[in-house]
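Encoded as C-alpha cells, the structure appears first; notes follow it.
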Amino acid sequence: MIDFTLSEEHGLLERSVREWAAREVAPYIRENDRRHHFDRERILGGMAKLGLLGISIPQEYGGAGMDYICLGLASEELEYVDTSLRVIMSVHAGLSCLTLLAWGTEDQKRRYLVPQAQGTKIAGYGLTEPSAGSDARAIQSTAIKKGDRYVLAGEKSWISLADVADNFLVIAWTDLEKKKQRDPSGLTAFIVERTFKGFSSGPMKEKWGILAGNTGFFKMDDVEVPAENVIGRPGEGFKIAMFALDQGRYTVAAGATGLIRACRDASVAYALDRKTFGVEIGQHQLVKEMIAQMESDYQAARLLWLRSGWMKNAGQRNTRETGLAKWFATVASERAAGDAVQIHGANGYSDEYPVGRFFRNCKGAVIYEGTREIHKVMQADYLLGYRADRPTRCELPAYGAEVKS
Ligand SMILES: Cc1cc2nc3c(=O)[nH]c(=O)nc-3n(C[C@H](O)[C@H](O)[C@H](O)COP(=O)(O)OP(=O)(O)OC[C@H]3O[C@@H](n4cnc5c(N)ncnc54)[C@H](O)[C@@H]3O)c2cc1C
C-alpha cells in the first residue's frame, strides 16, 4: 500500500532542523552572505549537535542512524534558510560519508567515517578541475604508485568546503595509458587529508552566489597518499565518483525543493502586504499564476525526492530517479527564485529581502552535480535505451540493513 505520511521520527527531525535554522542561522545569514563569511562554529557546531553531519550513518559508525528520508528532510529544511547549509549536507553527508559507508574498508570507516559522522572531521569531494567538469574523463590529476604509496599531482577547482574540509574524496588517473584513451577504468578514488605534505587550498574569489558558503580550489603538489587510502579498488574511481553523485544529487534535489518553498512563502507574504491599483498584489491574476506555479513545483519536487529516498531506504538502485528529482527541483527552483524576485518588484532587486539571495543561490545547483543539460541527456538516454544502470560492486545499504565491509 502507498503511504504518504511521514513517521513521528521524520516529523521530529523536520521540526528540530527547522527551529534550529530559524533561531540560530536565519538572523545572521544576510550579514554572513554580504561579508562572504562562512560561520564555521555556528553552522558546523550546530549541525554536529543536531546529529546532522552523520544523519544517515548507522550508530555503530558514529552516526545518528536515521533513514534516508531524514537526510532529505534535513536538506530541505536547511536550504529553506540558505543554500550554503545544504551544501554541507551534500558534500559531507552525501558525497563523502555515504560513499565511505558503501565502499570504505572497515579500517577506513573507523579512521574517517566515524569522526565525520560525529562531526569532528569535515569532508569534501574533489572531481572537477579547471579543464574538466561535465566531462569527468578529461581530468588531468594523476596518482602514480611508488611502493606502498601513491603520489598525487593536480588541481581541483570549484570545490565546496575547499578551505574548510579536513579530507577530500579525490579522483585521479592511476593508469596513464588509459588516461590517453579516456578509459575510465584507469581512474582511482582516494582520501586525501589536508595535512598531507604538498596539499594547499584557496577560495574562488569571484564567486557571486552561495556567499555564506565556502567554495575553492585545492592543489596537490606530489602529495604522498598511503595505499590504505584507496577507496574501493584501483580502477573503480569513476564508478565511485558516480555512486557518490547519486547520494549528493539526492540532497541537492531535496534542498532545491526547500528553496522553492522559501520562495513561495516569501512571495505569499509579500503579495498579501504590497498594494497596487487599490488592492494587494495577490489579487492580480498574473501574480497568482506565479504563486500557483511555485506550489505545483514544490509539491512535485518533494514527491520526486521522497520517491528517491524511499528507494534508498529499500536498497533499490535509484540513479535514474534521483537524477530526475535533482534536475526537476533545481530547474524549478530557478523558476521560483526568478518569479519571487519579480513578485517583490524593485524590493526583490535588493538584499533587503531574501529573494535576491535565493536568486543568486539557486543557479549553482543547476550547474553542479550534473548540469541541467547533462541530466536532460541522461533522462532521454534512459528512455531511448542508450543508457541503463549496471549493478555496481558496492551498493548503498538499505535502511537498517547490515553494513558490509
Ligand atoms: C558553487 C559550486 C560548487 C561546486 N562544488 C563542487 C564540489 O564540491 N566538487 C566538485 O568536484 N565539483 C564541484 N563543482 C563543480 C561542478 O560540478 C561543475 O561546475 C559542473 O560539473 C559543470 O562543469 P563545468 O563548470 O566545467 O561546465 P562544462 O562541463 O564546461 O559545461 C559548460 C556548458 O556546456 C554544457 N555541456 C557540457 N557538456 C555537454 C553535453 N555533453 N551535452 C550538452 N551540454 C553540455 C553544460 O551543460 C554547460 O551548460 C561546483 C560548482 C559550483 C558552481
Side-chain angles (χ1 to χ4, degrees), residues 33 36 38 79 82-99 122-141 154-172 182 187 189-192 194 201-220 237-238 240-249 251-252 255-256 259 323 326-327 330-331 333-334 357-381 384 386-387:
D33 189 76
H36 298 209
F38 179 72
E79 190 152 2
D82 195 63
T83 303
S84 59
L85 305 178
R86 190 272 305 149
V87 166
I88 298 165
M89 298 303 282
S90 297
V91 299
H92 172 92
L95 291 161
S96 175
C97 285
L98 292 179
T99 304
I122 300 299
Y125 174 82
L127 176 63
T128 306
E129 300 188 357
S131 61
S134 308
D135 184 8
R137 295 172 202 201
I139 64 168
Q140 295 300 314
S141 290
E155 178 177 345
K156 300 288 177 180
S157 56
W158 286 102
I159 303 302
S160 303
L161 306 182
D163 281 330
V164 172
D166 298 285
N167 70 67
F168 297 85
L169 180 63
V170 172
I171 310 296
R182 289 171 50 88
L187 288 161
F190 298 87
I191 297 185
V192 177
R194 170 180 300 286
S201 72
M204 302 307 281
K205 290 207 175 103
E206 310 294 336
K207 186 178 65 148
W208 54 254
I210 322 183
L211 297 177
N214 174 264
T215 319
F217 63 88
F218 65 79
K219 290 186 182 165
M220 298 173 295
F238 190 77
I240 292 171
M242 296 303 125
F243 170 92
L245 288 173
D246 280 354
Q247 321 318 325
R249 284 170 181 166
T251 63
V252 175
L259 187 56
K326 188 271 181 190
W327 172 40
T330 55
V331 170
S333 76
E334 197 179 0
R357 177 165 48 85
F358 298 159
F359 187 61
R360 284 186 279 106
N361 286 352
C362 72
K363 190 64 189 177
V366 185
I367 294 169
Y368 50 64
E369 305 220 20
T371 65
R372 177 181 61 200
E373 290 68 36
I374 293 297
H375 281 291
K376 235 182 226 184
V377 169
M378 275 174 66
Q379 291 300 324
D381 284 352
L384 292 162
Y386 301 156
R387 183 189 174 99

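When reading the values below, keep in mind they use all heavy atoms of this one structure, side chains included, and skip hydrogens, waters and symmetry mates. Atoms within each ligand, like the ligands themselves, are counted from 1 in listed order. One-based numbering along the sequence shown.
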Around atom NZ of Lys219, are there more than 12 heavy atoms of other residues, nucleotides or ligands at under 6.0 Å? no
Review point. So, do Glu79 and Val252 sit near enough that their side-chain heavy atoms are less than 4.5 Å apart?
Key: no
Would you check if Leu95 and Leu169 make a side-chain contact, meaning some heavy-atom pair closer than 4.5 Å? no
Atom pairs and distances, ligand 1 N/O vs protein N/O under 3.5 Å:
{"unit_1": "ligand 1", "atom_1": "5 (N)", "unit_2": "Trp158", "atom_2": "O", "d": "2.9"}
{"unit_1": "ligand 1", "atom_1": "5 (N)", "unit_2": "Ser160", "atom_2": "OG", "d": "2.9"}
{"unit_1": "ligand 1", "atom_1": "8 (O)", "unit_2": "Ser160", "atom_2": "N", "d": "2.9"}
{"unit_1": "ligand 1", "atom_1": "8 (O)", "unit_2": "Ser160", "atom_2": "OG", "d": "3.4"}
{"unit_1": "ligand 1", "atom_1": "9 (N)", "unit_2": "Tyr125", "atom_2": "O", "d": "2.8"}
{"unit_1": "ligand 1", "atom_1": "11 (O)", "unit_2": "Leu127", "atom_2": "N", "d": "2.9"}
{"unit_1": "ligand 1", "atom_1": "11 (O)", "unit_2": "Thr128", "atom_2": "N", "d": "2.9"}
{"unit_1": "ligand 1", "atom_1": "11 (O)", "unit_2": "Thr128", "atom_2": "OG1", "d": "3.1"}
{"unit_1": "ligand 1", "atom_1": "12 (N)", "unit_2": "Thr128", "atom_2": "OG1", "d": "2.7"}
{"unit_1": "ligand 1", "atom_1": "12 (N)", "unit_2": "Trp158", "atom_2": "O", "d": "3.4"}
{"unit_1": "ligand 1", "atom_1": "14 (N)", "unit_2": "Trp158", "atom_2": "O", "d": "3.0"}
{"unit_1": "ligand 1", "atom_1": "23 (O)", "unit_2": "Ser134", "atom_2": "N", "d": "3.3"}
{"unit_1": "ligand 1", "atom_1": "26 (O)", "unit_2": "Gly133", "atom_2": "N", "d": "3.4"}
{"unit_1": "ligand 1", "atom_1": "29 (O)", "unit_2": "Ser134", "atom_2": "N", "d": "3.0"}
{"unit_1": "ligand 1", "atom_1": "29 (O)", "unit_2": "Ser134", "atom_2": "OG", "d": "2.6"}
{"unit_1": "ligand 1", "atom_1": "47 (O)", "unit_2": "Thr371", "atom_2": "OG1", "d": "2.7"}
{"unit_1": "ligand 1", "atom_1": "47 (O)", "unit_2": "Glu373", "atom_2": "OE1", "d": "2.6"}
{"unit_1": "ligand 1", "atom_1": "49 (O)", "unit_2": "Glu373", "atom_2": "OE1", "d": "3.4"}

### Message
Would you say that more than 12 heavy atoms from the other residues, nucleotides or ligands in this model lie under 6.0 Å from the CZ of Phe359, or not?
### Response
no
Review point. Quick one: does Arg194's side chain get under 4.5 Å of Phe218's, heavy atoms only?
Key: no
Closest non-hydrogen atoms of Trp327 and His375, given as atom of the first, atom of the second and distance, are CB-CB, 3.6 Å
